[in-house]
Amino acid sequence: MKTVKALIFDMDGVITETSENHYLAWKSLAGTLGFDFERAFNEKLKGVSRRDSLELILQAAGKATAYSEAEKKRLMDEKNALYLASIQGFTRENLLPGVAAFLGEIKGEGMKVAIASASQSAPLLVQKLGIEAWVDHIVDPAGLPGKPDPAIFLSAMDHFGLTPEECLGVEDAVAGIAAIKAAGMFALGIGDRTVLTRADLVIENFESITLKGLLEVAHGKNH
Ligand code: BG6
Ligand code: MG
């Protein structure tokens with residue numbers, strides 16, 4: 001593998017634990033539609049856009065055709081308002097364990113950092129978490145196909161003028177790992193290796209690895 005020059009991070013569930021906030025907001029909305037929302041079902045929504053999440057929920061509730069476009073828009077706005085209210089108080093304290101030190105290490109090595117999140121709230125979170133100085137680029141997901149399509153990771157790569165071998169993607173979602181692999185990049189999974197089976201390496205959190213250790217694995221992979 002060529003030398004890694006950029007790390008491309010998902011946001012929700014990787015940099016900060018907003019997965020729970022998204023889950024609770026959807027659960028609350030689904031409750032108003034009479035759909036009992038299980039945590040296991042939520043795994044299918046991780047990394048999935050707001051629109052696609054709503055469609056999956058309506059399908060599971062047996063209401064795929066029950067709402068007009070205007071009503072769906074209102075449901076998405078309702079969910080987003082609940083979500084935004086729940087992250088209002090986020091600060092640097094909400095960074096997941098080891099993230100701050102890890103981002104600092106990357107910048108110390110002169111490498112690039114991008115955020116490749118399906119969420120329209122990624123720029124707001126970067127600001128609330130106080131990590132602007134460490135983030136070189138945030139991909140705008142609007143108009144790009146959602147994960148598992150590789151487009152969002154390839155967009156970050158193109159922004160830096162790099163090749164897939166020079167980029168390393170970080171994800172907590174099955175759809176996200178699939179997107180990184182479809183982009184031809186090394187995939188670091190955050191979470192459970194029995195779930196993230198396609199990742200090249202899975203760690204519990206950033207306290208479990210150093211940048212040097214990660215790069216040794218990534219660079220050794222194709223040798
Ligand atoms: C992803 C989350 O990062 O962003 C999903 O994993 C979320 O849960 C998606 O639905 C879209 O987020 P937003 O903030 O644009 O509704
Ligand atoms: Mg995620």
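What you are looking at is a predicted structure, and each value in this text was computed from that prediction instead of being measured. Each ligand, and each atom within it, is numbered from 1 in the order the structure gives.
Near Leu45, with a cut-off below 4.0 Å to any heavy atom, the atoms of ligand 1 are 5 (C), 8 (O). Atoms of ligand 1 found under 4.0 Å from any heavy atom of Ser53, numbered from 1 in the order shown, are 10 (O). Short contacts between ligand 1 and Ser117, defined as distances under 4.0 Å to a heavy atom of the residue, involve ligand atoms 3 (O).
The pair Lys46-Glu43 meets the salt-bridge criterion, with a side-chain N (NZ, NE, NH1 or NH2) lying under 4.0 Å from an Asp/Glu carboxylate O. Look at Lys212 and Glu109 and you find no salt bridge, because none of the NZ, NE, NH1 or NH2 atoms lies under 4.0 Å from a carboxylate O. Salt bridge status for Lys44 with Glu38: absent, with no side-chain N to carboxylate O gap under 4.0 Å.
The nearest non-hydrogen atom to atom 4 (O) of ligand 1, considering only Ala25, Ser119, Ala122, comes from Ser119. Among Val48, Asn42, Asn21, the residue whose heavy atom lies nearest to atom 9 (C) of ligand 1 is Val48.
The shortest N/O to N/O separation between Gln120 and ligand 1 falls below 3.5 Å. Of the polar atoms of Arg50, at least one N or O is found under 3.5 Å from an N or O of ligand 1, judged by distance alone. For a threshold of 3.5 Å applied to N or O pairs, the pair formed by Asp12 and ligand 1 contains at least one separation below that value.
Ring-plane geometry between Phe9 and Phe206 is classed as tilted, the angle between the planes lying from 30 to 60 degrees on a 0 to 90 degree scale. By the 30° and 60° cut-offs, the orientation of the rings of His22 relative to Tyr83 is parallel.
Each of Asp10, Ile180, Val174 was compared with Lys147 under the side chain to side chain contact (heavy atoms under 4.5 Å, CB included) criterion, and only Asp10 meets it.
Atom 8 (O) of ligand 1 has its closest protein heavy atom at His22 CG, 3.5 Å. Among protein heavy atoms, the minimum distance from atom 6 (O) of ligand 1 is reached at Gly47 N, 2.8 Å.
Here the side chain of Thr210 pairs a donor or acceptor atom with the backbone of Gly213 at under 3.5 angstrom. Side chain of Glu105 to backbone of Lys107: no donor-acceptor contact under 3.5 angstrom is found. Judged by distance alone, with hydrogens and angles left aside, the side-chain atoms of Asn42 form no donor-acceptor pair with the main-chain N or O of Tyr23 at under 3.5 Å.
Protein atoms that are N, O or S and lie under 2.8 Å from the Mg ion (ligand 2) are these: Asp10 OD2, Asp12 O, Asp172 OD1.
Residue-level proximity to ligand 1 for Thr18 is absent, since no heavy atom of it falls below 4.0 angstrom.
Across every non-hydrogen atom of Trp134 and Ala100, the tightest pair is CH2-O, 3.7 Å.
Looking at heavy atoms from C-beta onward, Asn94 lies out of side-chain contact with Glu17 at the 4.5 angstrom threshold.
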